[in-house]
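For reference, the structure is listed below as structure tokens.
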Amino acid sequence: MQVPAYNQINAPAPRSMNLAPEAPTVAAVSVTDMRERIRRKSRLKGRQPEDAAMADVAQLLGPRPATGFRRDLLIEYLHRLNDHFGVLHDRHLVALAQQMNRPMAEVYEVASFYHHFEIVRGEDAAAPRLVLRVCDSLSCSLAGARELLAALPERLRAAGQADVQVQAVPCVGRCEQAPVAVVHQCPVPHATVDAVLEVVESKPKRALARHPQALTAINFDVAELAEKSVPVPPGEVSPAHTDLATYRAHGGYQLAAALVNGETEADAVLAAMEDSGLRGLGGAGFPAGRKWRIVRDQPAPRLMAVNIDEGEPGTFKDRTYLERDPHRFLEGVLIAAQVVGTEAVYIYLRDEYHGCRALLQAALDDLRAEPPCPLPHIELRRGAGAYICGEESAMIESIEGKRGEPRMRPPYIAQVGLFGRPTLEHNFETLYWVRDIVEKGPEWFASFGRHGRKGLRSFSVSGRVKHPGVKLAPAGITVQELIDEYCGGMLDGHQLYAYLPGGASGGILPAHLNHIPLDFDTLQPYGCFIGSAAVIVLSQHDSARDAALNVMRFFEHESCGQCTPCRVGTAKAAALMEAPVWDADLLDDLAQVMADASICGLGQAAPNPIRCIHKYFPHEVGEGPWPGDLPKPRNSPLAEQLPPGGKP
């Protein structure tokens with residue numbers, strides 16, 4: 001084969017040779033076709049809001065503010081839609097996203113996180129006429145909630161009420177009235193099938209099934225109940241409460257006014273709080289005065305967030321106090337805000353407390369109408385059914401209008417909290433005691449106590465006792481003393497078999513350990529902690545294993561799903577605990593992973609009941625005696641975290 005010379009290969013083509021490709025044939029396009037093509041390309045992607053849905057949302061949200069609808073009020077806006085329509089229609093979520101100028105995915109991820117929001121799709125989707133919620137947490141299960149849930153659907157159908165939706169729900173915060181049902185927003189204490197049917201028939205639609213409000217005004221002085229039980233008339237859901245006029249007639253708001261007006265020194269109030277020994281009463285037990293000092297030392301502007309998301313099964317003390325005297329709490333808020341120097345206060349109240357929300361909002365309205373002193377900016381925020389929002393950083397995320405998922409620390413919320421500002425976070429009851437401690441002196445509060453402990457504790461007692469309720473007892477009291485002196489003893493035919501000293505996450509102890517002082521730091525050697533002081537009493541007719549399974553199912557239901565050890569671990573643990581004979585090694589390994597690797601206290605504390613069954617009740621699950629001591633338990637899911645150097 002003859003190979004062409006190099007100069008032949010690279011030589012330029014003759015001028016007569018045309019190497020350009022032929023131009024493609026382009027069809028003529030009319031002006032109308034071009035306009036249609038531009039119109040199609042300019043159309044927004046994704047689902048667009050419908051005019052009718054936009055009108056619905058605009059009517060419920062009200063006039064658009066000059067700066068637009070606030071992002072942090074997203075959950076409040078969702079509540080407006082849910083309250084009005086009974087459900088969240090997907091078309092309204094699209095319209096809400098448009099009104100707020102937020103991505104639809106952002107609105108949907110928040111709405112789908114909270115248990116009290118049900119998202120429905122399609123034009124024909126409708127809300128149930130009524131939703132009947134029956135609590136199936138431990139205290140209500142002991143009182144017959146499962147039998148109630150089994151009987152209600154058939155009885156409702158027989159009564160022509162088949163369009164009433166029955167749901168099993170976690171603790172609704174009325175454990176002393178177990179079993180409890182809630183018809184829309186109307187509680188039914190000591191619920192029976194007949195009692196529930198009577199409420200359904202008398203309140204046939206959502207507009208009527210509201211929480212009843214008490215009209216009677218009383219002077220509720222909590223200090224007079226020291227070492228006594230808070231009286232609860234049988235079946236009462238709306239007790240008489242202290243209104244603004246009554247509260248001020250008995251010295252209310254005088255301390256707050258004196259502090260704001262400079263007549264009382266902030267340092268003197270802070271010293272009284274520190275000397276009293278008052279510790280956080282939401283579950284963490286961090287010294288209240290020391291926390292005030294830590295946050296006060298942070299750079300301004302500072303904020304304050306109050307946690308009334310009382311979701312720990314067995315706990316109802318905050319609700320009990322709030323529905324009797326909201327102003328004592330609000331004065332504590334004003335005092336703390338002035339001492340720490342916070343410019344705004346956000347109060348986060350659990351959604352199940354419909355009566356408390358109306359009462360607290362009315363109290364705030366009255367206070368603003370007749371202020372005893374200049375007030376900080378105060379907003380009342382509404383939860384949406386998420387136990388995890390009792391965890392301080394998850395609550396802050398929810399106040400900001402987001403999914404209630406705990407934050408990684410550091411930074412701590414005392415440094416970078418709500419809206420990125422240093423934040424003082426407190427439980428309701430901690431603030432409830434501020435006025436009495438400062439006015440009566442720190443030595444008054446510290447004078448109470450037993451077995452070497454100091455102070456008062458509000459125990460929420462439920463289960464197999466004659467007189468459940470809130471018991472304002474000395475710190476350090478034992479469970480046997482609490483039952484005998486404050487609860488009228490065990491129910492007839494029942495003997496103490498076991499007890500939960502700190503709600504669902506605080507572990508389970510056997511009857512022979514009825515001598516342990518109930519207070520912070522006294523229960524940890526036994527694998528438990530006091531948490532929110534929710535004491536649930538079991539008898540010989542109950543099973544500690546079944547109690548542990550009940551609370552593990554609760555943790556599975558309430559896990560936010562953010563981290564795998566908690567999301568998967570609680571589900572796997574609940575499945576393994578259903579076996580009549582436990583796989584001890586596998587459950588112990590699972591408990592270790594959950595405690596070590598979960599982001600927040602929910603997953604870290606969930607193994608506590610498992611380990612207590614291993615240690616104290618091995619005969620119930622086919623095991624031999626537990627060798628050695630239990631690992632030190634993790635703290636409550638509601639525990640507060642502060643920067644290094646702020647620890648007790």
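When a residue number appears, it is its place in the shown sequence, counting from 1.
The aromatic ring centroids of His467 and Tyr486 lie 6.0 Å or more from each other.
Listed by first and then second residue, the side-chain hydrogen bond (donor to acceptor under 3.5 Å, both in side chains) pairs that reach into residues 156-171 are Arg129-Gln161, Arg129-Asp163, Glu154-Arg157, Gln165-Gln167, sequence neighbours excluded. For residues 176-186, the salt bridge (charged side-chain N to carboxylate O under 4.0 Å, His left out) pairs, not counting sequence neighbours, are Glu176-Arg319. Screening residues 549-564 for salt bridge (charged side-chain N to carboxylate O under 4.0 Å, His left out) gives Arg553-Glu578 as the qualifying pairs, with residues at least two apart or on separate chains.
In this view, Phe520 satisfies the ring pair (Phe, Tyr, Trp, His ring centres under 6.0 Å) rule with no residue, not counting sequence neighbours. For Asp546, there are no side-chain hydrogen bond (donor to acceptor under 3.5 Å, both in side chains) partners two or more places apart in sequence or in a different chain. Residues passing the side-chain hydrogen bond (donor to acceptor under 3.5 Å, both in side chains) test with Ser543, sequence neighbours excluded: Glu620. For His541, the ring pair (Phe, Tyr, Trp, His ring centres under 6.0 Å) partners are His494, not counting sequence neighbours. When the ring pair (Phe, Tyr, Trp, His ring centres under 6.0 Å) test is applied to Tyr321, the partners found at least two apart in sequence or on another chain are Tyr432. For Tyr348, the side-chain hydrogen bond (donor to acceptor under 3.5 Å, both in side chains) partners two or more places apart in sequence, or in a different chain, are Ser398. By the side-chain hydrogen bond (donor to acceptor under 3.5 Å, both in side chains) test, Lys572 pairs with no residue at all, sequence neighbours left out. In this structure, His354 has no ring pair (Phe, Tyr, Trp, His ring centres under 6.0 Å) partners at least two apart in sequence or on a different chain.
Contact check for Asn514 versus Thr478: no side-chain heavy atoms found under the 4.5 Å cut-off. Side-chain contact between Val230 and Arg324 is present, with at least one heavy-atom pair separated by less than 4.5 Å. Taking the side chain as every heavy atom from C-beta outward, His116 and Glu352 approach each other to under 4.5 Å. By the 4.5 Å heavy-atom criterion applied to side chains, Ser505 and Glu312 are counted as neighbours. Residues Ile536 and Ser139 are in side-chain contact: their nearest non-hydrogen atoms beyond the backbone lie under 4.5 Å apart. Within the 4.5 Å cutoff, the side chain of Leu225 has no heavy atoms near those of the Val470 side chain. In this structure, the side chains of Asp318 and Phe329 stay at 4.5 Å or more apart for every pair of heavy atoms. For the pair Trp582/Arg545, a side-chain contact is recorded, criterion being any heavy-atom separation below 4.5 Å from C-beta on.
Atom SG of Cys356 and atom CD of Glu310 lie 8.5 Å apart (nearest 0.5 Å). In this structure, CG on Asp542 lies 5.0 Å from CG on Leu142, to the nearest 0.5 angstrom. Within the model, atoms CD of Glu485 and NZ of Lys471 stand 12.0 Å from one another, a figure rounded to the nearest 0.5 Å. For the atom pair CZ (Arg382) and NE2 (His79), the distance works out to 4.5 Å, reported to the nearest 0.5 Å. Leu132 contributes atom CG, which lies 12.5 Å from atom NE2 of His184 (distance to the nearest 0.5 angstrom). Annotation: the span from Thr570 atom OG1 to Phe555 atom CZ amounts to 9.5 Å, rounded to 0.5 Å.
Judged purely by atom type and a 3.5 angstrom limit, Gln495 has no side-chain atom pairing as donor or acceptor with the backbone of Gln540. No donor-acceptor distance shorter than 3.5 angstrom exists from the side chain of Glu425 to the backbone of Ala305, with no hydrogens or angles considered. Listed for the Asn307 side chain is a donor-acceptor partner under 3.5 Å among the backbone atoms of Gly390. Lys317 places a side-chain N or O within 3.5 Å of a backbone atom of Leu281 that can act as its donor or acceptor partner. In this structure, the side chain of Ser460 engages the main chain of Phe316 through a donor-acceptor pair within 3.5 Å. Panel note: side chain Ser539, backbone Leu496; no donor-acceptor pair is recorded below 3.5 Å. Remark: the backbone N or O of Thr522 is not paired with any side-chain donor or acceptor of Asp519 at under 3.5 angstrom. When atom types are taken as modelled, the side chain of Ser238 and the backbone of Pro212 share a donor-acceptor pair closer than 3.5 angstrom.
Of all heavy-atom pairs spanning Pro406 and Ser393, the tightest one is CA-OG, 3.3 Å. The two residues Arg457 and Ile530 have their closest heavy-atom pair at NH1-CD1, 3.8 Å. The two residues Leu602 and Cys566 come nearest to each other via the heavy atoms CD2-SG, 3.5 Å. Annotation for Val535 and Pro501: closest pair CG2-O, 3.9 Å, computed over non-hydrogen atoms. Across all non-hydrogen atoms, the minimal contact from Asp309 to Ala386 is OD2-O, 3.3 Å. What you find for Cys171 and Gly314 is that their closest heavy atoms are SG-N, 3.9 Å.
Ring geometry for His515 versus Tyr526: interplanar angle over 60°, hence perpendicular rather than tilted (30 to 60°). Note: Tyr114 and Phe117 have perpendicular aromatic rings, judged against thresholds of 30 and 60 degrees for the angle between ring planes. Under the 30°/60° scheme for interplanar angles, the aromatic rings of Tyr616 and His512 are found to stand perpendicular.
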* To do: Any chance you could lay out the side chain to side chain contact (heavy atoms under 4.5 Å, CB included) test for Ile388 and Phe113, step after step, and finish with the verdict?
  => CA-CA 11 Å; Ile388 191 60; Phe113 179 83; 4.1 Å; yes
* To do: Start with the C-alpha distance between Leu349 and Leu322, add both sets of side-chain angles, then the distance that settles side chain to side chain contact (heavy atoms under 4.5 Å, CB included), and finish with yes or no.
  => CA-CA 11 Å; Leu349 178 66; Leu322 175 55; 4.1 Å; yes
* To do: Test side chain to side chain contact (heavy atoms under 4.5 Å, CB included) on Leu523 and Leu509 and set out the steps.
  => CA-CA 10 Å; Leu523 295 163; Leu509 291 171; 3.9 Å; yes
* Asked: Stepwise, does the side chain to side chain contact (heavy atoms under 4.5 Å, CB included) test hold for Gln177 with Val188?
  -> CA-CA 9 Å; Gln177 299 173 337; Val188 184; over 6 Å; no
Which pairs of donor and acceptor atoms, one on a side chain in residues 196-203, lie under 3.5 Å apart (sequence neighbours left out)?
unit_1 : atom_1 : unit_2 : atom_2 : d
Ser202 : OG     : Glu198 : O      : 3.1
Ser202 : OG     : Val199 : O      : 3.1

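With salt bridges taken as basic N to acidic carboxylate O contacts below 4.0 Å, none links Asp83 and Arg206.
By the neighbour-count criterion of 12 heavy atoms within 6.0 Å, atom CZ of Arg146 is sparsely surrounded, having that number or fewer from other residues, nucleotides or ligands.
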